Protein chains: 2
Amino acid sequence: MSAKFNLSSDEWLIKEKGFIAKYQGKYESIFTLGNGYLGVRGSLEENPNHSHRGTFIAGVFDQAEGYVRELVKTPGWTDFCFWVGEHRFSVDSCKVLSHERILDLRKGILHRTTRLKGPQGRVVRLEIRRVVFTHQVRGAMLDATITPENFSGPIRVFSGLNGDVTNLGYFHQEKTKHLNLVKMERDKGLIYLEMENRDDKTRIALAAQTVFSNAPAKTFKVSRIYGEKLTQVFSFDAEKGKSYHFTKFISTYTSREGYERQLKSAAKDLVLDMVYEGLERQLKQHLEARNKLWEAAAITIKGDKKAQKGINFNLHHLLAAKPHHDPTVSIAAKLLTGEGYKGHVFWDTEIFILPFYIYTFPEDAKNLLMYRYYTLQGALQNAQDMGYQGAKFAWESADSGLETTPSYGVREDGSAVKIFTGEEEHHIVSDVIYGINNYFNATGDTKFLHEHGAEIIFSTAVFWMSRIEKRRDRYEIRKVIGPDEFHEHVDNNAFTNYLVMWNLLYAYDLYKKMKKSDPEGLAILLNKIKLKETDLERMKLIAKTIYLPYNQKTEIFEQFEGYFSLKDFTINQTDHHGMPLLPQGVDEMSLEKTQLLKQADVILLLYLFTDRFSQELKKKNYQYYEKRTMHKSSLSPCIYAIMGLEVGSHKRAYDYFIKTSYIDLDDFNRNAADGIHGAATGGAWMTIVHGFAGMRVRQGNLCFDPWLPKNWQELTFIINWQGSRIKVQIDRQAITFQLLDTKGKNIIVKVQDRPIQLDYKKSKKIKLKKQ
Amino acid sequence: MSAKFNLSSDEWLIKEKGFIAKYQGKYESIFTLGNGYLGVRGSLEENPNHSHRGTFIAGVFDQAEGYVRELVKTPGWTDFCFWVGEHRFSVDSCKVLSHERILDLRKGILHRTTRLKGPQGRVVRLEIRRVVFTHQVRGAMLDATITPENFSGPIRVFSGLNGDVTNLGYFHQEKTKHLNLVKMERDKGLIYLEMENRDDKTRIALAAQTVFSNAPAKTFKVSRIYGEKLTQVFSFDAEKGKSYHFTKFISTYTSREGYERQLKSAAKDLVLDMVYEGLERQLKQHLEARNKLWEAAAITIKGDKKAQKGINFNLHHLLAAKPHHDPTVSIAAKLLTGEGYKGHVFWDTEIFILPFYIYTFPEDAKNLLMYRYYTLQGALQNAQDMGYQGAKFAWESADSGLETTPSYGVREDGSAVKIFTGEEEHHIVSDVIYGINNYFNATGDTKFLHEHGAEIIFSTAVFWMSRIEKRRDRYEIRKVIGPDEFHEHVDNNAFTNYLVMWNLLYAYDLYKKMKKSDPEGLAILLNKIKLKETDLERMKLIAKTIYLPYNQKTEIFEQFEGYFSLKDFTINQTDHHGMPLLPQGVDEMSLEKTQLLKQADVILLLYLFTDRFSQELKKKNYQYYEKRTMHKSSLSPCIYAIMGLEVGSHKRAYDYFIKTSYIDLDDFNRNAADGIHGAATGGAWMTIVHGFAGMRVRQGNLCFDPWLPKNWQELTFIINWQGSRIKVQIDRQAITFQLLDTKGKNIIVKVQDRPIQLDYKKSKKIKLKKQ
């Protein structure tokens, strides 16, 4: 049996050793398996006490008694447990003699080996492998072996589908029930469970069959219904030392994918097909598909196992979130790995997660942007609800694009705290446009830009035109929250204002270009969104007089108007993780009165528009803001890493990379249990590719200026650029390019400001200036 | 507080002393409160482990994954519990220092006093009173007092609505989920829960508000949602020795009563009204309504406290089942007290339960019969499904009248056992007609008979005409089960054949009478059910040649054809309850090969048609069958009691009465946990009124021939006869009648064959022949 499940080499393996109840939540998150459609937390199969098991399906949302519409915890299929006589064998009802789990990142397989000692000293060894298929997003399997090591006796095995699921509620310990039971069927070995969400009756169907491949002749097989749970039960007399082997195949379908009528037959048929084809063939297809993904996405680091494992782990989760099956869903801040942030989509997606997809899976990057196109109606509604025009993307977005940021949060003591981000953190609107441009720059996908991007770009520009205010002789944007959320209700946040300026000019430029290249398309679009050409001319004019708080003398951007007048503290202490500690005399409640930042704000602006600012300006700003940045967001260290490398401040770059790539593995923020930090997974990729490899787009050119951490002997990855794939290999002396699968087109890149022509099928090695 | 809840005198009190987990189920059943609309099992408010809590609403059925359509366990509202610090105080998580519950049968109030000792020796006294209102079927209340006896400290009280309910499933430990969550609301102190059944979306709405009448100033009040549960939470610092008092008002509405749109407002408004009016006023109205019921229904026995308590208990449950609010529901074999027999209606209702209603609440008796009228469509379908014509009432009937008897049962070991009653126990059809005639005889309700009864009577006669077979020169009914279910697939069961004969002749006679008195009504009806006058003539002819197995020489009816050829065993041993034991040489599996009976069969026939058989014949049959009857049904002892008294065999009558009236109180059958034996509650009434008082209808006359058990000094009750109410008082020398509330009409009754005229407002005392 085990040969099929051979482990990859160590840099691909994440291990848990021993069962420690309080780490359960963390391992559930980091051991999440997924394929963009399904995300399945790595909870133990017997669902021990306090486990936060969770199975999520991209795009399935509901509100019900929840405070906002949220990603629904859908029925679980990992349920698998056994009883010896009248005793349930579980990590919380037995002595755990040993327990080890290994997530094989390369293969996308979660391995478990647990030895449990029950009453009368009976020891059972349980081995489980779990796979969410990559070749078939609606399929999954669980393979289990049970060995009674020192006794013979009756064993009952339960392998089921579990519809008894609730989301976490608004208040402490509350639970929200989103799914109601529609149908259950038990047909020989096949079990079928259909539920629907409460608000809009989206139906979710699961079918499963567990094959007991070496069942003793007298095995008693039945299926049993326990309320919203449904399970196969196998009762048999086990022999001491003999291993009993079970393979469970599971399928998942929902009515939102268009399976309204065929839900049941589709779900059952897929399981029957998988059972017919068998474990080995399914696994082979999965591994082939998995290999293809890694061929495209892998980053190889020679000389640094920790960094290699870190990036492998982050890429695993980026792959698990990849919504290649559906352009109407996006990627949530916690991917499909937990209930944190209610499964909502934030700016994290366009600014931190999208770059990986743009350069690795451009088609998926387009899907992510199409989500914004499909939710434009919600964005129009949001603007209208606030008294503005055009499209206001939601700070937190679910399936419709309507604003789903809760207005209040709840502190541990039950008291409410007002949340302003939904009302004030408006930069999200232009972050989306930045993502569109980032995608377009790398792909040259004019079709997408004209057919879908333009409508988004113009609609957001219309929003800003209604949002911006004229005061004195300039245009201002007042009462916002910038990326630094320590400071709320601020006026003229430099980051926001700069993006708005850029957004308006981008709209104007696109209008000019389309007028030439696609006048017909433009006319239809302008008519559709009721935009006059004079409006566009006005955008250009207004963009030029948007106020940007900036100190001419010091060349330092003022984060927002009045920021420089706040109490100035600088960070001089770090915790044992190397993360900043609050300076003496500052507490959590008074942060807003200081110049301390939660996260990169001006520096993020300089990162996003790196080719528009002088090296000197970037350096001065970096030096100013770095020592005031608390990095209280997973979105911060990676930006400082990249910008530090850009301004020649290398010394902390590697630390920032480790902070980013190990944020959940080492649980720096003690909240890994809520789900993986999605922005950090993308940030880890960005730190390597945009940071250490120094790959940036400047004036439309793909530029490289590498700097490798001291142990790194070689860094290799593949990127997509203008329809071509380029293999990039960097060592301490040189950078080598290889143009893959291009049909005759040559490409020019820049290495440390030198233009280099890449020819089809040839490798080109460029010597680097000394680091 | 306690004055309001003063206990009635001892003969009205049923007590539980000490908490013994294994008796939980029994007390849950016997402590059921109800008002015909709602039935609420007496489970403890904290829902301890293994409690089979249950709240039932008359007429709310569902199948879902159940094997048959069944009475739904609806959301619970008795949930009330408290925590001291972080410890939940419950009979299963604390030391129970004392525990007493008292069901006050007279007042319909369940009292509880429990003292619990938790960690650090903390003792809390909990007093609860629970009422299901009689004056307002949709209302209920729970009144609770919590006293920390020996400590001061934080207490949290939870008072909620619990939608997390499932019915018992088909197989051992299975659970069927019938209700899905529709809506939850928390609006200040008011909580609202709405669910719907899965098959036909009948909605059930509960609202509740708990008033904490002496809440300390710093009490923290919130409402919390836990999946399908919703609860108010009161957190406060309790002072040692002080009592804290909570009153919870609850309302229940369903969409099947026509509250489709106003469900929520109706449920909330009723609670708000009750809260506004307050505990004392609600209780006063309840007790007034309760008094009225008892004035009509009470039976007073002087000289025998055990008998008095027994009949009080049985009358309590008959009152709790009284479906005065709705003619489309009937009374189930287990009333509204448990899941046994799936809440289905059997022949128990017409033969054993109806008599009480006919003579006590004739309007309710009519409602019960109207249920058969409203389910006639299902009966027509049943006949058609079996290849017959006319109306075949279901052996087990739910809400549509369709057959809901399961085809298979499950033994403890999981194996299936075929159930034939649904296919073969056809006497139910004529049992219903017997009930109609019984009602008509006592009330003279011609309007009902012509408008509703006639259609049922003719439709069942049509069924029998298609069911009966001509063999040789006689009509036979083959392959049936009679009342004695030990013998299946028998031919020509005397009970069944006699009832069929009577049923056909009854139809013919009714046709003749209506032809004279209501020719127009008759014509419309015959046209509606497509019955020709020649068909009716044919009924009469066939009735006359129906075969009745009968031994002319011995004057003993043969229970069915061939019965006398079976192995003959007679009972010669009884268990410690005085119930028959199987004779040596007979086991459970071979019963069908013997003449042993499960329950009254021929004797029941003689009881039903007592005035058609000679005293001699009845006596001979009684003597023959009594010693062969195992009384393995709660429907049996009462019939033997009554018929024993009729044939002068008094000696076991009192024992049979105790067996009947204490079947659940003493849990003779060890299945009280499944619910109260409804037929026995009616049987207890029958034993007293038809047995000891000897009140029978003979040739249309109301006749009395009392025989009182030795301790009984006086027996008093009120009966309804032909629109009048007669108070009957019997002592060892005389019987005294008093005609109540009649408007001038005189009535003639017979006492020991002497006709007696009763005059308005006068009492009449008749001396009895010596007993």
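Computed from a prediction, not measured in an experiment: that's the story for all the values here. So that the names make sense, note that chain A is the first sequence line, chain B the second, and so on, each numbered from 1.
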Under 4.5 Å heavy-atom distance to chain A, tell me which part of [X] shows up: side chain, backbone, both or neither.
X	value
B:K183	backbone
B:S235	neither
B:R198	side chain

To the nearest 0.5 Å, tell me how far B:F171 CZ sits from A:I225 CD1.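 B:F171 atom CZ to A:I225 atom CD1 measures 9.0 Å (nearest 0.5 Å).
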Spatial distance of atom CZ (A:R224) from atom OH (B:Y170) [nearest 0.5 Å]: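 Reported to 0.5 Å precision, the distance equals 10.0 Å.
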Is the number of heavy atoms from other residues, nucleotides or ligands under 6.0 Å of [X] [atom1] greater than 12?
X	atom1	value
A:K418	NZ	yes
B:K268	NZ	yes
A:Y341	OH	no
A:H87	NE2	yes

Looking at B:E174 and A:R186, is there a salt bridge between them, counting it only when a charged N and a carboxylate O are closer than 4.0 Å?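 Here A:R186 pairs with B:E174 in a salt bridge, since their nearest N and O are under 4.0 Å apart.
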So which heavy atom on B:L181 is nearest to which on A:N180, and how close?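 Answer, listing the atom of B:L181 first, then A:N180: O-ND2, 2.6 Å.
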Give, as side chain, backbone, both or neither, the part of A:S223 having an atom under 4.5 angstrom from any heavy atom of chain B.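 The answer is the backbone of A:S223.
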Selection from A:G227, A:A64, A:G169 maximising heavy-atom pairs under 4.5 Å formed with chain B: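 The candidate making the most pairs under 4.5 Å is A:G227.
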Top residue by heavy-atom pair count (under 4.5 Å) with chain B, among A:N167, A:V182, A:T176?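 Ranked by contacts with chain B, first place is A:V182.
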